[in-house]
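What follows is a set of notes on a single structure, which appears directly below.
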Amino acid sequence: MYTAPRGTIDILPEDQPYWNLLRREIERVTAQFGYQRIDVPCFEDTSLYVRGVGEGTDIVDKEMYSFQDKGGRDITLRPEFTAGIVRAYIEHGMRTLPQPVKLYTMGPIFRYERVQAGRYRQHTQFDIECIGEQDPAVDLEVMSLAWQLYANLGFKGLAFQLNSTGCPKCRPAYVERLVAYYQGHTHEICADCKRRLERNPLRLLDCKNEGCQPIIADAPHTSDHLCDECAEHFATLTGYLDALERPYTINHRLVRGLDYYTKTVFEVWAQGIGSQNAVCGGGRYDGLAEELDGPPTPGIGFGSGMERLVLAMKEQGLAAPAAPAPQVVLVHLGQPAKTAAIVLLQQLLSRGVQAQIGFGDRSMRSQMRGANRLGARFALIIGEQELAEGVVVLNDLTGEQPEQRLPLADAAAAVATLL
RNA sequence: GUGGGCGUAGCCGAGUGGUCAAGGCAUCUGGUUGUGGCCCAGAAGACCGUGGGUUCGAAUCCCACCGCUCACCCCA
């Protein structure tokens, strides 16, 4: 038997109400904040991600779905949205538009990872990018949009994590300081951390090994070693957040796995959906456009995992409206009556009524059971007798009204007025 | 890439060596002649993940493989 490839899921009809609700709220909040939709390809030149996301990152080193197409081009299924959207911004000369350019998108993301709760090889992200403005008020807007979306969906107790990782001017000095600090503790840290010390020192900060916790606790904070520009940016942003009384936690250990982040980084965490608890992650990437051969252009954005949001909605018991039940189901007995029922069905559909008919030649009992299970409002019954008399029986399945007989000729009109 | 748990019908789930397998949900059909929701009866549905092995005999024991799952890593 074929099964869905590892790390992929089928989103079945029973789950679609959650997705519909999510998409609807995303459309609403992006329109409210003035973000416009952009759709970029599901694959790009491999080098776009290698340069954008950065060599040495997990994504580039081991998680990309890369292949050569029949023309020999190196192609990669997108492992994130930002690089592709910034590429589109540059390619289409969007710097000539009023700045910043505010964009959003939704779609599948591919990363070859080991699967676990809330982590898939193909998942769906809602993504926001605000490109062309370095004002901390933009950082606030982007975070606010996420806030508003989650609030509209009814989430409670989501935790916003915030940090600043500096910029190319101040980060190297901080990393040096961090490395120096750790070199005094090499005998106390775990094997992973020894590797991180060589390869990616910032990641030392989010090690979960128990033995490393005291070392991390005393490690220098990124936010204490920012250059004046970055420090001011961070202070202004937190000042705005305080003015709005937005709850957030400055998480000195929040460092993100992509090279392009500068200054602001943030995540949103949800409880109860497994150990992969980030439902939103993003940050500022002021050097990315240049890295991709574009003009120097600041930008900030986030991605939010929709599968994880659905998990969180379920976890928090948030209801999603179910698909509408049919208003009318036609029940028939005998071939001539079935033909008449099909004609009546068409008349109802033409009037915009949500109507269905029972297929096959099942018993009336069976058809009535079926109508009831569909949650239909009315059953319209046509048998030999009704056909002979030119009537149709209207049965109110809610039991509120007794059965009544309607003239077949204008039954559709009569039923339509009842709904 | 590393480690733990699991693998019996669409779903849940008994059964741990001896009538090729219980029950529940869901499905279908009936419960008098043309009527739903409750109830009752019946039917259909499993080569017990796959392949080896041990045994007179295995869903039950052993091995391998595959798959699922959780966790590490990392991320959404």
Side-chain angles (χ1 to χ4, degrees), chain A residues 1-7 9 12 14 53 56-63 78-82 106-128 146 190-193 195-196 199-200 202-203 206-210 254-258 265-270 273-282 301-312 329 331-334 337 358 360-387 393-399 402-403:
Chain A
M1 182 174 71
Y2 284 111
T3 56
R6 167 163 266 204
I9 56 167
L12 301 174
E14 64 200 41
V53 176
T57 60
D58 274 20
I59 288 180
V60 170
D61 282 358
K62 54 185 201 190
E63 295 178 359
R78 65 181 176 212
E80 59 118 36
F81 269 118
T82 306
M106 264 183 273
I109 293 292
F110 306 88
R111 290 182 201 166
Y112 189 84
E113 302 185 87
R114 285 295 291 265
V115 301
Q116 69 184 83
R119 192 173 70 190
Y120 310 97
R121 288 182 176 176
Q122 177 184 332
H123 75 279
T124 315
Q125 276 187 25
F126 159 53
D127 184 270
I128 284 289
C190 67
D192 282 340
C193 277
R195 210 185 62 239
R196 293 189 183 102
R199 215 168 137 256
N200 198 342
L202 277 182
R203 298 233 69 91
D206 67 358
C207 179
K208 282 146 195 149
N209 189 300
E210 216 173 291
L254 180 64
V255 291
R256 295 179 48 75
L258 290 74
V265 292
F266 66 96
E267 291 186 354
V268 180
W269 294 351
I273 59 172
S275 66
Q276 305 304 313
N277 61 354
V279 294
C280 175
F302 68 76
S304 190
M306 294 176 69
E307 284 81 359
R308 287 186 190 174
L309 288 173
V310 169
L311 282 175
V329 169
V331 173
H332 49 82
L333 220 57
D361 295 302
R362 292 194 282 199
S363 68
M364 172 164 288
R365 171 199 202 83
S366 174
Q367 292 183 64
M368 289 297 287
R369 273 184 178 159
N372 189 253
R373 243 170 323 172
L374 289 170
R377 176 74 209 283
F378 294 109
L380 272 179
I381 304 165
I382 307 182
E384 304 290 357
Q385 293 171 18
E386 288 76 14
L387 193 57
V393 172
L394 177 72
N395 182 312
D396 183 347
L397 290 165
T398 63
E403 272 190 1

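Numbers restart at 1 for each chain; the letters A, B, ... are given by sequence-line order, proteins then strands.
Atom name P, nucleotides B:U27 and B:C11: the rounded distance is 15 Å, in whole Å. B:U50 and B:C68 have their P atoms separated by 16 Å, given to the nearest Å. B:C63 and B:C28 are spaced 43 Å apart, taking the C1' atom of each and rounding to whole Å.
Applying the 4.0 Å criterion to OP1 and OP2 of B:A71, one finds that A:Gln116 has a side-chain N or O inside that range. For B:U69, neither phosphate oxygen OP1 nor OP2 lies less than 4.0 angstrom from any side-chain nitrogen or oxygen of A:Arg114. OP1 or OP2 of B:A71 has at least one side-chain nitrogen or oxygen of A:Ser275 nearer than 4.0 Å.
In terms of polar N and O atoms assigned as donor or acceptor, the side chain of A:Arg362 never comes within less than 3.5 Å of the base of B:G36 in a complementary pairing. Contact of A:Arg377 with B:G36 (side chain to base): no donor-acceptor pair of N or O atoms is detected under 3.5 Å. With hydrogens and angles left out, the side chain of A:Arg6 and the base of B:G67 share no donor-acceptor pair within 3.5 Å.
Both distances falling under 3.5 Å, in either a Watson-Crick or a G-U wobble arrangement, occur for no nucleotide opposite B:A44. For B:U2, the paired nucleotide is B:A71, the pair qualifying as Watson-Crick or G-U wobble because both relevant distances are below 3.5 Å.
What separates OH of A:Tyr2 from P of B:C66 is a distance of 18 Å, to the nearest Å.
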